[in-house]
Amino acid sequence: MPTLSSPVPHFNRRKLAVLIPVVMFLCIVFLFGVPSSLWSNFAYADRSAKVYGVQIVNEFPHDSAAFTEGLLYAGNDTLFESTGLYERSSIRKVALRTGKVEDVQKMSRSYFGEGLTLLGERLFQVTWLKKIGFIYERNNLHKFNAFTHQMKDGWGLATDGKILYGSDGTSTLYQIDPETLKVIGKQIVKYNGHDVRSINELEYINGEVWANIWQTDCIVRISPGDGYVLGWVLLQELREGLIAAGYNGIDVLNGIAWDDDKKRIFVTGKLWPKLYEIKLLPRTKPLKDGAIENLCLR
């Protein structure tokens, strides 16, 4: 052990000059050698999907014969709704507070109505099992034109005011040019390594795409730029409450609408007698491992 008076050896500068390039080289190898999927995990480390329940703020009447496939809020307490089933499909204008159908355009018997969105003064609607959709005038549902699209099927539609987002019942979220109706981008939606399949009705809310997952009581919140799952909304209490009240003929949860001015969220379901305004409640009690997979993934 050197004493206080012992000379302290200097670090060999020649060794240092050799060491620095070696360390830099190893860093470069590490950076380029790490798979992109692993970098994605690093990037999403602080973006873990949050889980929410809901509080019912208001209940409104809803046509219990409406097989809801698309829903949107258009201001002034007005909704537009697309309904399905062969020989019963339609697009309709609905008064929020009374549920009264103020205008309706019935579809041809061969079409099964699906997702719906409003961009400017034009309503876009897609149909099931056909790559055909329709564009309606907002103020005159009886004026419309047909179009074709490039999705595998027509399930859901939404818009951010610039482009359209579409779903076809798979795990793919499409970006669509509203003028050419061509696909300009797409993302595969995944959660914990699983494809989130059966993406159905869509709504664009505060920079996110929200989607019903067909035949579940779940809404998934999606980052539209990369398909990352930002959160889940669990709404089983709504359906269970209707059944407990004697409404045994209802079908699945489907239909999300967003009032951007008053920041209100509306949901309903196929053949549901009610439409709900809801408020999200973050879950404070953690779910069991695999709970989301069991509840929401098909």
Side-chain angles (χ1 to χ4, degrees), residues 49 67-74 79-84 91 112-120 122-128 131 133-136 147 149-178 181 183-191 195-233 235 252-260 264-270 275 278 280 296-298:
F67 200 77
T68 305
E69 295 289 1
L71 186 71
L72 64 91
Y73 182 81
L79 301 164
F80 283 99
E81 185 173 17
S82 171
T83 67
I91 180 172
F112 189 117
E114 282 283 349
L116 181 72
T117 195
L118 174 66
L119 179 57
R122 297 183 298 169
L123 288 155
F124 294 79
Q125 180 194 40
V126 288
T127 60
W128 188 47
K131 294 189 176 184
F134 298 95
I135 301 174
Y136 303 82
F147 68 88
H149 60 79
Q150 298 176 326
M151 298 187 292
K152 293 180 180 179
D153 196 1
W155 281 44
L157 284 178
T159 182
D160 62 0
K162 297 177 182 178
I163 65 171
L164 305 180
Y165 294 96
S167 65
D168 59 6
T170 66
S171 58
T172 302
L173 180 67
Y174 295 86
Q175 298 174 2
I176 302 169
D177 186 309
L181 283 309
V183 171
I184 56 176
K186 56 186 178 180
Q187 304 290 342
I188 302 300
V189 181
K190 288 181 175 289
Y191 175 74
D195 283 6
V196 180
R197 299 185 178 90
S198 299
I199 295 174
N200 199 3
E201 212 270 327
L202 305 176
E203 183 62 278
Y204 188 86
I205 302 178
N206 286 340
E208 303 174 5
V209 174
W210 291 29
N212 289 115
I213 303 301
W214 184 50
Q215 292 189 329
T216 77
D217 296 308
C218 304
I219 291 173
V220 60
R221 299 172 58 175
I222 304 164
S223 170
D226 52 25
Y228 186 76
V229 172
L230 301 171
W232 295 93
V233 185
L235 301 105
V252 296
L253 174 79
N254 204 46
I256 312 165
W258 169 243
D259 174 5
D260 191 49
R264 295 184 294 176
I265 305 168
F266 304 101
V267 297
T268 190
K270 302 176 182 184
L275 179 143
I278 59 170
L280 299 194
C296 305
L297 301 187
R298 302 186 62 253

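In this chain, numbering begins with 1 at the start of the sequence shown. Treat the numbers as computed from the prediction; the structure is a model and nothing was measured.
- Using a 4.5 Å cut-off on side-chain heavy atoms (C-beta onward), Glu114 and Leu157 make no contact.
- In this structure, Asp168 does not pair ionically with Lys152, as no charged nitrogen and carboxylate oxygen lie closer than 4.0 Å.
- The shortest heavy-atom contact between Gly113 and Gln125 is CA-NE2, 4.1 Å.
- Between Ile222 and the choices Val220, Asp226, Ile219, the side chain to side chain contact (heavy atoms under 4.5 Å, CB included) rule is met once, by Val220.
- Side-chain N or O atoms of Ser167 include one that pairs as donor or acceptor with a backbone N or O of Asn200 at under 3.5 Å.
- Taking all atoms of both residues into account, the shortest heavy-atom contact from Trp258 to Tyr73 is O-CB, 3.6 Å.
- Sorted by first and then second residue, the salt bridge (charged side-chain N to carboxylate O under 4.0 Å, His left out) pairs involving residues 195-216 (not counting sequence neighbours) are Lys190-Asp195, Glu208-Arg221.
- When the side chain to side chain contact (heavy atoms under 4.5 Å, CB included) test is applied to Lys186, the partners found at least two apart in sequence or on another chain are Thr172, Tyr174.
- How far CZ of Phe147 is from CD1 of Ile176: 7.5 Å, rounded to the nearest 0.5 Å.
- How far CG of Leu72 is from CD1 of Ile256: 12.0 Å, rounded to the nearest 0.5 Å.
- The heavy-atom pair separating Ile213 from Cys296 by the smallest distance is CG2-O, 3.3 Å.
- Met151 places none of its side-chain heavy atoms less than 4.5 Å from the side chain of Thr170.
- With values rounded to the nearest 0.5 angstrom, Ile265 atom CD1 is found 4.5 Å from Leu280 atom CG.
- For the residue pair Val126 and Gly156, the shortest heavy atom distance occurs at CG2-N, 4.5 Å.
- Taking every heavy atom of both residues into account, Phe112 and Gly84 meet most closely at CE2-CA, 3.8 Å.
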*asked:* One pair to check against ring pair (Phe, Tyr, Trp, His ring centres under 6.0 Å): Trp155 and Trp214. What are the steps and the verdict?
replied: CA-CA 10 Å; Trp155 281 44; Trp214 184 50; 5.6 Å; yes
_With side chain to side chain contact (heavy atoms under 4.5 Å, CB included) as the criterion, how do Leu181 and Leu164 come out once you've worked through the C-alpha distance, each side chain's angles and the decisive distance to 0.1 Å?_
CA-CA 9 Å; Leu181 283 309; Leu164 305 180; 4.2 Å; yes
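- The closest side-chain heavy-atom distance from Thr117 to Leu202 is not below 4.5 Å.
- The two residues Leu253 and Thr268 come nearest to each other via the heavy atoms CD1-O, 3.5 Å.
- By the 4.5 Å heavy-atom criterion applied to side chains, Phe124 and Ile135 are counted as neighbours.
- Contact check for Phe80 versus Tyr136: no side-chain heavy atoms found under the 4.5 Å cut-off.
- Val233 places none of its side-chain heavy atoms less than 4.5 Å from the side chain of Val267.
- Residues Leu235 and Ile278 form a side-chain contact, since some pair of their non-hydrogen atoms from C-beta on lies under 4.5 Å apart.
- Here the OG-CD1 distance, from Ser171 to Ile188, works out to 4.5 Å after rounding to the nearest 0.5 Å.
- Taking Gln175 as the reference, Ile163, Tyr165, Ile184 meet the side chain to side chain contact (heavy atoms under 4.5 Å, CB included) condition, with sequence neighbours excluded.
- Two residues are said to be in side-chain contact when any heavy atoms from C-beta on lie closer than 4.5 Å; Val252 and Asn212 fail this criterion.
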